[in-house]
Amino acid sequence: MIIAQVLPFAIGAFALAILLSAWRLLRGPDLPDRILALDTLYINALALLVLAGLQYGTNLYFEVALVMSMLGFIGTVVLSRFLSRGDIAE
């Protein structure tokens, strides 16, 4: 099948994207750049988890990806709100 041939390339591409996002997270010039890098980092990690679930044929990776997506979204919203207002709760 073609998916077996494409999965190693896709996993490598997302691993490279994770490394580049981590570099931007560490070296970002501003705080908004670092927040965007963190958001990109967790989205690439989600894609890598889904690809690992496809490669190994188990549903556990998909469930972990679902929980991680919810937590990542909440984290991005909280960090953005803190950056714009200076506090999290009103």
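Small disclaimer: the values here were computed from a predicted structure and weren't measured.
Leu26 and Leu36 fall into different hydrophobic clusters, where Ile, Leu, Val, Met, Phe, Trp and Tyr residues are linked whenever their side-chain heavy atoms come under 4.5 Å apart, directly or through other members. Tracing side-chain contacts under 4.5 Å through hydrophobic residues (I, L, V, M, F, W, Y), one never reaches Val77 starting from Leu31; they form parts of separate clusters. Residue Ile3 is grouped with residue Phe14 when hydrophobic side chains (ILVMFWY) are merged at heavy-atom distances under 4.5 angstrom, including chains of intermediate members. By the rule that hydrophobic residues join a cluster once side-chain heavy atoms approach within less than 4.5 Å of another member, Leu83 and Leu38 end up as members of one cluster.
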Side-chain polar contacts of residues 52-71 - donor-acceptor pairs under 3.5 angstrom, sequence neighbours left out - could you list them?
from	atom 1	to	atom 2	distance (Å)
Thr58	OG1	Leu60	N	3.4
Ser69	OG	Ala65	O	3.4
Ser69	OG	Leu66	O	2.7

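Leu20 shares a hydrophobic cluster with Leu16; the chain of contacts runs through ILVMFWY side chains whose heavy atoms sit under 4.5 Å apart.
Within the model, atoms CD1 of Ile18 and CD1 of Ile43 stand 11.5 Å from one another, a figure rounded to the nearest 0.5 Å.
Judged purely by atom type and a 3.5 angstrom limit, Asn44 uses its side chain to pair as donor or acceptor with the backbone of Thr40.
Annotation for Leu48 and Ala15: closest pair CD1-N, 4.4 Å, computed over non-hydrogen atoms. Nearest heavy-atom pair, Ser21 versus Ala37, reported as atom, atom and distance to 0.1 Å: O-CB, 3.8 Å. Arg34 and Arg27 get closest at one heavy-atom pair: NH2-C, 4.3 Å.
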* To do: Could you give me the CA-CA distance, side-chain angles and deciding distance for Tyr42 and Leu46, then say whether side-chain contact (heavy atoms from CB on, under 4.5 Å) is met?
  => CA-CA 6 Å; Tyr42 95 81; Leu46 284 174; 3.8 Å; yes

